[in-house]
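Just so it is clear, the values below take in all heavy atoms, side chains as well, and ignore hydrogens, waters and symmetry mates. Just so it is clear, the structure is predicted and the values come from calculations on it, not from any experiment.
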Amino acid sequence: MPKVTLLQWQMLAAVADNGGFAKAAEVIHRSPSTLNHAIHKIEEQLGVVLFEPRGRQVVLTEAGSLLLRRARQLIENAASLEDVAERLAGGLEAEVTLAVDQVFPGDALAEALTQFSEAFPHVRVQLHETVLNGAVEMLYEGRADLIISGVSAQGFLGEPIVDVPFIAVAHPHHPLHQLQRELDLRDLERHRQLVVRDSAIRQRLDAGWLKAEQRWTLGHLSTSIDMLERGLGFAWVPETRIRAALDQGRLKALPLRAGGVRRVSLQLVHRDIDGAGPATRALAEALMASVVATCPQDARPQNSNASMQPNE
């Protein structure tokens, strides 16, 4: 067991903050003799001198200052622990599991999680980056509280959140660009297409044009983009994820006669919207708001009634 109690550390902080025993006693509603006894008890148990007189006040010794800095961390952690307990007792979730399709704009996701962390710093977030049917599978199996997916979830009501434009691209030196003319699907069939594997385990989907004679199936969108920039194929990828690469000339849109740009509508879906706790509802609202803030041209109308609770 610790030699010094939390209450004794709190008394030490009170005396230090108020410059003496009498003033500290008034502030924390304890008698000066109680405070004096607590400080002497700490000194006796730890073998250090905490205060030294200076005029009509007492000031911390070097050892006292060091111990007080550590004690404040202990006091703050104890207060934080009680705050978490109160929130849990009021229905706050300890953890929220979010499954997001990899095509969801990265800036919007980061902004939403930043807002959420400020309001709910003690709620853990389990983030799963999924592809195609992966998020829906987690929803069906009860492993996600919220999902963002372009695949319809049967038996669940989703809320449109964002339309993601996909652009057919390749490296500027790719053979398709060397043709220097409009392209059609027959041109694409002769070259390697890069696709991202469905992250679902039980029921996988293939999406997009998949008729290339050569095809590499990858596990993550970032890998696909890296391979594109290395000139190893062509692919349709979210415009928000390659904007810098397009601007800097690392990738170039393919001059397709038709189908060079397509849009995927993503929806936000609750596992149990009626039974969702405050943190889950707040995260949903943060996701909706972040899309409007970071990519307003692609955001869908909002009907969310969730509210972000302040960090008290």
Quiz item: Does Arg192 use its side chain to pair, donor to acceptor, with the backbone of Trp216 at less than 3.5 Å?
Solution: no

Quiz item: Does any donor atom in the side chain of Thr130 or Gln102 lie under 3.5 Å from an acceptor atom in the other side chain?
Solution: no

Exercise. Using the rule that two of Ile, Leu, Val, Met, Phe, Trp, Tyr join whenever any of their side-chain heavy atoms come within less than 4.5 Å, decide whether Leu66 and Val59 are in one cluster.
Key: no

Quiz item: Atom CD of Glu229 and atom CD of Gln248: how far apart are they, to the nearest 0.5 Å?
Solution: 8.5 Å

Quiz prompt | Validation row: Thr240, Phe104 side chains within 4.5 angstrom (heavy atoms) | solution = no

Quiz item: Is there a side-chain contact between Val237 and Ile167, using heavy atoms and a 4.5 Å cut-off?
Solution: no

Exercise. Evaluate the side-chain proximity of Val164 to Arg263: yes if any heavy-atom separation is below 4.5 Å, no if none is.
Key: no

Quiz item: Take atom NE2 in His220; do more than 12 heavy atoms of anything else shown fall under 6.0 Å from it?
Solution: yes

Practice problem: Decide if atom CZ of Arg70 counts as having more than 12 heavy atoms of other residues, nucleotides or ligands within a radius under 6.0 Å. | Solution: no

Exercise. Would you mind telling me which of Leu287, Thr294, Val291, Thr114 makes a side chain to side chain contact (heavy atoms under 4.5 Å, CB included) with Leu109?
Key: Leu287

Quiz item: Below 4.0 angstrom, N of the basic side chain to O of the carboxylate: do Arg243 and Asp247 qualify?
Solution: no

Practice problem: Check whether any side-chain N or O of Tyr140 sits under 3.5 Å from a backbone N or O of Gln154 as a donor-acceptor pair, and report yes or no. | Solution: yes

Exercise. Could you tell me whether Arg30 atom CZ has more than 12 heavy atoms of other residues or ligands within 6.0 Å of it?
Key: no

Practice problem: Working to the nearest 0.5 Å, report the span between CG of Asp272 and CG of Asp145. | Solution: 9.5 Å

Quiz item: Would you find a donor on one side and an acceptor on the other, under 3.5 Å apart, between the side chain of Arg215 and the backbone of Gln193?
Solution: no

Quiz item: Between Arg241 and Ile225, is there a donor-acceptor pair closer than 3.5 Å when you use the side chain of the first and the backbone of the second?
Solution: no

Exercise. For the pair Arg281 and Glu285, evaluate salt bridge (Lys or Arg N to Asp or Glu O under 4.0 Å) and give the outcome as yes or no after the intermediate values.
Key: CA-CA 6 Å; Arg281 294 195 302 271; Glu285 182 188 64; over 6 Å; no

Self-check item: Expected output: side-chain Thr61 to main-chain Val49 donor-acceptor under 3.5 Å
Solution: yes

Quiz prompt | Any donor-acceptor N/O pair, Gln8 side chain to Thr5 backbone, under 3.5 Å | solution = yes

Quiz item: Rest of the hydrophobic cluster containing Val58 (Ile/Leu/Val/Met/Phe/Trp/Tyr, side-chain heavy atoms under 4.5 Å)?
Solution: Val4, Leu6, Leu7, Trp9, Met11, Leu12, Val15, Phe21, Val27, Ile28, Leu35, Ile39, Ile42, Leu46, Val48, Leu50, Phe51, Leu60, Leu67, Leu68, Leu74, Ile75

Self-check item: Residue pair Arg190 / Gln214: nearest heavy atoms and the distance that separates them
Solution: O-NE2, 4.2 Å

Quiz prompt | Short N-O contact, Asp17 and Arg72, less than 4.0 angstrom | solution = yes

Quiz item: Which class fits the ring pair Trp236 and Phe234: parallel under 30°, tilted 30 to 60°, perpendicular over 60°?
Solution: perpendicular

Self-check item: Main-chain N/O of Pro255 paired with Glu182 side-chain donor or acceptor, under 3.5 Å
Solution: no

Quiz item: Between the side chain of Asn77 and the main-chain N/O of Gln73, is any donor-acceptor distance below 3.5 Å?
Solution: yes

Quiz prompt | Check against side chain to side chain contact (heavy atoms under 4.5 Å, CB included), Asp163 and Val264 | solution = CA-CA 6 Å; Asp163 287 344; Val264 172; over 6 Å; no

Quiz item: Does the pair Thr280 and Glu93 meet the rule for a side-chain hydrogen bond (donor to acceptor under 3.5 Å, both in side chains), with working shown?
Solution: CA-CA 8 Å; Thr280 301; Glu93 309 93 305; 2.6 Å; yes

Quiz item: Judged by atom type as modelled, is there a donor-acceptor pair below 3.5 Å linking the side chain of Ser290 to the main-chain atoms of Ala108?
Solution: yes

Practice problem: Identify, with sequence neighbours excluded, every residue that meets ring pair (Phe, Tyr, Trp, His ring centres under 6.0 Å) alongside His270. | Solution: none

Practice problem: Please tell me if the side chains of Val169 and Leu254 come closer than 4.5 Å, counting only heavy atoms from C-beta onward. | Solution: no

Quiz item: With the 4.5 Å side-chain cut-off for hydrophobic clustering, are Met138 and Leu98 part of the same group?
Solution: no

Exercise. Check the pair Asp107, Cys295 against side chain to side chain contact (heavy atoms under 4.5 Å, CB included), reporting the backbone distance first and the verdict last.
Key: CA-CA 9 Å; Asp107 288 345; Cys295 42; over 6 Å; no

Quiz prompt | With Val195, the side chain to side chain contact (heavy atoms under 4.5 Å, CB included) member among Val131, Leu218, Thr217 | solution = Thr217

Quiz item: Any donor and acceptor pair, going by atom type alone, linking the side chain of Asn18 with main-chain N or O of Ala14 inside 3.5 Å?
Solution: yes

Quiz item: Cut-off 3.5 Å, side chains only: do Ser149 and Asp101 have a donor facing an acceptor?
Solution: no

Quiz item: According to a 4.5 Å side-chain heavy-atom criterion applied to Ile, Leu, Val, Met, Phe, Trp and Tyr, with indirect links allowed, do Met227 and Leu221 form part of one hydrophobic cluster?
Solution: yes

Quiz item: With ring centroids as reference points, do His191 and His174 lie under 6.0 angstrom apart?
Solution: yes

Quiz item: Does atom CD of Gln178 have more than 12 heavy-atom neighbours from other groups under 6.0 Å away?
Solution: yes

